Amino acid sequence: MSAEIIDGKAFAAGLRGRVAEKVAELKAGHGITPGLAVVLVGEDPASQVYVRNKGRQTLEAGMTSFEHRLPADAPEAELLDLVARLNADPAVHGILVQLPLPGHMNENLVINAIAPEKDVDGFHVINAGRLATGQDAMVPCTPLGCLMLLRDRLGALSGLNAVVIGRSNIVGKPMAQLLLRESCTVTTAHSRTRDIAALCRSADILVAAIGRPGTITGEWIKPGATVIDVGINRVETPEGKTKLVGDVDFESAREVAGAITPVPGGVGPMTIACLLANTITACCRIHGLPDPEGLTAG
Ligand code: GUN
């Protein structure tokens, strides 16, 4: 059996289309243009690519994009000052500070300085707490995108065994919270987990967010399981070029899984689409409007 390939690229394009419709509605009906501010500190090449893509897709959706760049040696106080100005700016509905930050900055301090209602990354401790306690939250974009793909493929997730590999604040922990909210039986695995292969073989839903290429092979996968690969790893090919691969060994996994996300073209495109959707949600909440319907599963 060969798994269904989950087309995250097409799904994300559809979501961006729904975002653009909602933006047009907010402009025409309320005179509101949703605005997203992205802050980049330093010149990390991967971060620069992400930030450029975010800016382009924000504009394509009809929203306002604000981009702020600080040098890698900027004092933390300068970044906090910028965040305070964005918090107070009525044209800004979403604020994203690109991570990682340079070593002299305290990431938690900076994230928690963002107004929770503008925290479209969902990283603020208030949003993490709201998600964990079942209250309306801004939900981190990558796990939100994974959940949308899972719901689209499986419908109701209630009662399914879900294994999330990885315990980061950006993916693993919020992913586990979202799956728990869907009434899955959730296990979070990590580098110290014993007999991780056997645990993975119990999973109807397997989410891999490890950051190591090709870690999960077909032998770790329950036949028919849905596999979501969050990994984006750049590796060298035998020809001396580079290519992107996931945390899952795609070729062996696709022989066993029922459905699987490819890398690239799976989870990756969903992250920015969900960021745009979160910005619309933030904009609606800030203006006292009801949450937009049908944008996200969050
Ligand atoms: N760095 C890698 N992923 C992310 C993300 O989702 N948000 C932010 N702010 N930084 C990141």
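Values below: all heavy atoms of this structure, side chains included; hydrogens, waters and symmetry mates excluded. Everything numeric here is computed off the predicted structure, so don't read it as measured data. Start at 1 and go down the list; that is how both ligands and their atoms are numbered.
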Does the pair Arg18/Glu21 count as a salt bridge with the N-to-O cut at 4.0 Å? no
Contacts of Ser252 that satisfy side chain to side chain donor-acceptor pair (under 3.5 Å) - sequence neighbours left out: Asp249
Qualifying residues under side chain to side chain donor-acceptor pair (under 3.5 Å), relative to Asn112, sequence neighbours excluded: none
Arg285 and Asp291 ion-paired at < 4.0 Å: yes
Can you name the one residue among Val230, Leu178, Val227, Thr188 that meets side-chain contact (heavy atoms from CB on, under 4.5 Å) with Val207? Val230
N/O to N/O under 3.5 Å, ligand 1 against protein:
residue  : atom   : partner : partner atom : Å
ligand 1 : 1 (N)  : Gln98   : NE2          : 3.3
ligand 1 : 1 (N)  : Leu99   : O            : 2.9
ligand 1 : 7 (N)  : Asp121  : OD1          : 3.1
ligand 1 : 7 (N)  : Asp121  : OD2          : 3.3
ligand 1 : 9 (N)  : Val97   : O            : 2.9
ligand 1 : 9 (N)  : Asp121  : OD2          : 2.6
ligand 1 : 10 (N) : Leu99   : N            : 3.0

Hits for side chain to side chain contact (heavy atoms under 4.5 Å, CB included) against Thr226, two or more places apart or cross-chain, chain-then-number order -> Ile6, Leu150, Arg153, Leu154, Ile228, Ala259
